[in-house]
Amino acid sequence: MTLAKTTELRVGRALTLVCRLLAYGGGVLLVSMAVITAASITGRALIFAGLSPITGDFELVEAGCAIAIFAFLPWCQLNRGNVTVDIVANALPSRLKAILGLIGDISVTVVAGLILWRIWLGFGEKFPYGSDAVRRFFGMGSKPFFPETTYELELPVWIPYAMATFGAAVFLLVSLYTVWRALNWVLAGEEP
Amino acid sequence: MTGLELALIAFALMLLAIFLRVPIAVAMFATGFIGTWIVLGRPSATLSQMKTLTYDTFSSYSLSIVPLFLLMGQFATKSGMSAALFNAASDWLGHKRGGVAMAAVGACAGFGAVCGSSLATASTMGQVALPEMRKRGYSDALSTGVLAAGGTLGILIPPSVILVIYAILTEQNIVKMFIAALVPGILAALGYMLTVAIYVRVKPGSGPVAERKPIKERFRTLWRVWPVVVIFGLVMGGIAADWNWANPGVQALFTPTEGAAVGAVATGLYGILTGGLNWRSFLDSILETAQASAMIFLIIFGAQVFNSFLAFTQAPQALAEWVTGQGFAPLTILIAMLVCYLVFGCVMDSLSMILLTIPIFFPIIEVLDFGMTPEQVAIWFGILALIVVEVGLITPPVGMNLFIINQVGRDIPISQTYRGVLPFVASDLVRVVILVAFPVLSIWFVS
Amino acid sequence: QDVTLRCQHFLSPKGSVPRYFIEPWAEKVEADSGGRIKVEIYPAMQLGGKPPALYDQIRDGVIDCGWALPAYTPGRFPEAEAFELPFMTSMSAEASSKAAWEFTEKYMQERLSDIKVLAVHVHGPGVIHKKGDPITTPADFQGVKLRGPSRQANALLETLGATPVGMPVPAFPEALSKGVVDGGVIPWEIVPPLKVHELADSHTQIGGDRALYNTFFIWGMNKNTYESLPDDLKAVIDANSGLQTSADAGRAMDTGDTAGEETTASAGNTIVTMDEAAVAELRAIGDAQTEAWAAEMTSKGLDGAAMVSDAQALVAKYADN
Ligand code: NA
Ligand code: NA
């Protein structure tokens with residue numbers, strides 16, 4: 001007995017694609033960070049030849065790292081990549097082990113929900129637009145007088161926050177799916 | 001209930017959750033969140049912090065070294081560089097029992113001389129070395145154990161992020177701290193090699209002996225290592241002015257994070273040029289990097305919430321007050337503190353331990369009489385603290401290096417890793433005893 | 001006791017502000033309240049979060065009080081930047097902090113209305129710490145890699161031909177020892193904790209009566225925590241906030257500066273002061289930047305010119321007394 005196993009598998013395939021694409025996006029960002037940094041070092045080393053380091057390389061790496069990690073979270077959860085200690089679980093009957101896995105996925109989902117909720121608020125507090133009514137409707141928290149920016153490039157901080165929030169949203173979506181998947185494993189009596 | 005009691009109960013519940021298969025990151029986060037709720041009587045403190053805590057944690061310049069080195073490790077593996085390195089190590093040392101494992105320790109030490117982070121060293125060397133060691137018949141326990149321990153050389157051998165933090169908290173000269181860490185760091189690497197030698201003699205099945213290769217073939221495989229040498233030389237050379245403290249005229253080209261970026265770009269370019277890195281393996285590299293990075297950063301996030309809870313309980317302060325209130329002799333107090341670190345280290349990460357405890361422990365140590373100058377005491381204590389918090393990275397059940405290595409060999413049960421690392425923990429403890437008994441090993445250069 | 005205040009900052013407990021301001025402040029509040037208020041101080045962000053989040057932590061009640069830097073969230077508190085402009089503050093952090101308090105009362109009431117501001121302050125003058133020969137003329141800046149202290153100061157250094165390298169203060173000693181930078185601009189007070197006097201050879205003080213740059217600091221308290229106090233304890237907090245408390249915070253920086261300069265001098269390092277002609281050249285560049293800043297503020301709907309002239313007048317008022 002399982003819960004809409006065929007639909008679950010179909011949703012799983014679709015989400016795998018989404019997570020993969022998101023992770024690729026984060027990876028490309030990571031590679032760009034590496035290239036920007038390497039270019040900046042080259043510029044700094046060749047100051048005498050008239051080159052210069054890239055302005056804001058430091059903060060680009062910081063923002064890029066955050067966005068990339070948020071883009072990686074869904075893929076990690078989809079593969080149950082968040083480390084667990086299975087010493088006890090391996091000694092238990094397979095259904096009980098699957099139940100513990102289900103509990104683990106539920107707990108990740110709760111945390112993912114908290115993360116999304118809070119970072120949405122964090123985004124709202126960096127985002128200086130929207131009427132009070134609209135902001136209240138979307139639960140965006142207090143509106144800043146002035147937008148916070150990065151240090152050198154004066155890039156508004158809400159932009160990377162928005163991208164991070166998107167990653168957090170997919171993370172929650174995927175976590176919810178993994179609960180469904182884990183439930184089906186429990187119903188089937190074992191994890192594949 | 002006192003803060004200390006609450007902290008102890010929280011420890012116990014967290015361990016229970018971890019052993020019931022709750023992901024480590026979630027167990028730490030949940031304990032910290034609920035614990036802070038109990039201390040303050042409201043959940044809002046953690047919730048308010050979380051508006052910016054995830055983003056701020058993930059957007060760390062110093063932590064960006066982790067995904068960058070992970071990516072470099074992936075590129076190195078996919079383009080055949082790691083295989084070349086270990087073919088050479090195997091041809092030259094494989095006929096000695098445990099030779100390849102010792103070579104892996106040496107590689108970790110070399111990497112540690114460039115990189116100031118244990119996480120980055122463990123993740124890079126894990127990706128590079130673990131598949132190669134398993135391919136050569138090393139047991140899962142020994143392979144993961146030696147690499148988890150080898151990863152701590154990232155911190156034990158200077159440069160080292162933890163020492164920088166310690167130097168700032170205690171107003172010590174960072175350059176002197178780095179010099180002081182040199183001998184203990186080398187002792188650590190030698191100790192791990194010795195441990196390997198003993199390990200494979202006690203358990204001969206864990207490390208195979210290969211046939212001795214003819215010298216001509218050895219040089220042929222050695223020649224294939226040149227890209228590793230060039231790229232390593234580039235990264236190392238760029239950061240190498242670390243080794244020129246005494247001669248500041250030589251300039252470093254870049255910081256460790258920048259070195260990671262250069263390494264990733266150079267390895268990637270090499271892979272593309274030699275054809276080892278095609279579109280498909282490039283995408284695979286990204287997915288592997290994604291999974292390991294997300295796992296590591298989520299644990300760091302959970303650890304932050306947990307550590308903030310510990311600070312709210314004031315448990316470390318209570319423990320420190322208890323230790324000092326006993327009227328112990330200076331050496332006993334020192335040992336009591338080191339034991340505290342070992343205990344906390346089972347479940348905490350090293351940077352948070354330093355941040356939480358040094359402001360409490362250091363003023364106590366500072367005024368004790370060990371028959372040394374204040375600077376010598378500060379340096380000596382810093383080195384000892386560094387080592388014991390690093391042991392925390394490899395002590396079960398919560399040891400960041402253990403998870404990282406285990407993540408690389410995903411099919412290896414964590415219990416194997418726990419078992420394999422214990423001899424190396426023992427080697428760490430022996431080293432601590434030696435360094436406590438002979439302070440001169442840490443402070444030989446400040447007379 | 002009745003109330004516990006949990007206060008957090010990101011420095012080591014040995015920093016000038018924790019040692020000479022926050023701890024004495026806490027002791028005074030405890031004494032004035034007859035022991036009914038207990039102040040717990042958590043250094044190095046022990047209670048969690050990153051330094052840029054400190055202001056929000058105070059506002060949201062994560063902590064009861066804390067030490068926040070508007071400069072860590074650029075753009076969010078534009079008025080505070082007036083005190084970070086080149087050659088705005090005087091050589092006395094104590095005097096300039098009084099000016100900063102009065103400026104805050106006039107221009108930042110609304111901006112800081114979501115916390116209870118206990119004090120605002122600045123630090124002492126920035127000094128150029130360098131390996132090798134000191135910088136004595138504007139031409140000496142050519143091609144020198146310097147850890148820059150603030151956006152305004154970095155732009156000034158860049159105009160002079162130096163290459164400002166951005167990095168957090170804690171990263172400075174390592175970068176200096178490795179030669180990633182040739183030097184950096186920091187006040188005297190953080191020289192001993194970072195051991196910069198052991199890593200650098202020469203130290204150039206910018207002469208004249210105004211400091212090259214500055215940073216604006218807020219010592220603030222959560223509003224609800226304050227409101228929930230009984231009236232007599234509120235009075236204790238009130239008596240330990242305001243103009244005089246701001247002056248105390250500034251003086252903590254001055255005390256640290258004196259100690260830092262003495263440590264450096266006794267280490268036998270070269271300390272020089274840039275002469276007037278050289279400083280005049282620097283100030284001309286700084287004045288242009290101040291004008292540009294005022295224009296930028298005006299474009300944001302703030303009265304940039306008035307802020308500059310008021311800040312200058314307030315600094316002069318306290319510097320000359
Ligand atoms: Na290292
Ligand atoms: Na541990």
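We name chains A, B, ... by the order of the sequence lines, and we start the count at 1 in each one.
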Region of C:Thr163 in contact with chain A, defined by heavy-atom distances below 4.5 Å
side chain

Which atoms of A:Pro144 approach chain C - backbone, side chain, both or neither, heavy atom under 4.5 Å
neither

Please look at A:Thr150 and chain C and tell me whether the side chain, the backbone, both or neither of the residue comes under 4.5 angstrom of a heavy atom of that chain.
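For A:Thr150, backbone heavy atoms alone lie under 4.5 Å from chain C.
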
Mind checking the [atom1]-[atom2] spacing from [X] to [Y]? Nearest 0.5 Å is all I need.
X	Y	atom1	atom2	result
A:Glu125	C:Arg59	CD	CZ	4.5 Å
C:Tyr55	A:Glu148	OH	CD	12.5 Å
C:Arg76	A:Phe145	CZ	CZ	10.0 Å

Take a 6.0 Å sphere around [atom1] of [X] and say whether it holds more than 12 heavy atoms from other residues, nucleotides or ligands.
X	atom1	value
C:Glu296	CD	yes
A:Phe166	CZ	no
A:Asn90	CG	yes

For C:Val165 and A:Phe58, what are the C-alpha separation, side-chain angles and deciding distance, and is it a side-chain contact (heavy atoms from CB on, under 4.5 Å)?
CA-CA 10 Å; C:Val165 181; A:Phe58 196 86; over 6 Å; no

Among the options C:Gly143, C:Pro164, C:Gly75, C:Pro52, pick out the one with the most heavy-atom pairs lying under 4.5 Å from chain A.
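Answer, by heavy-atom pair count under 4.5 Å with chain A: C:Gly75.
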
Closest heavy-atom pair and its distance - A:Tyr151, C:Pro74
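The answer is CA-CG, 3.9 Å.
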
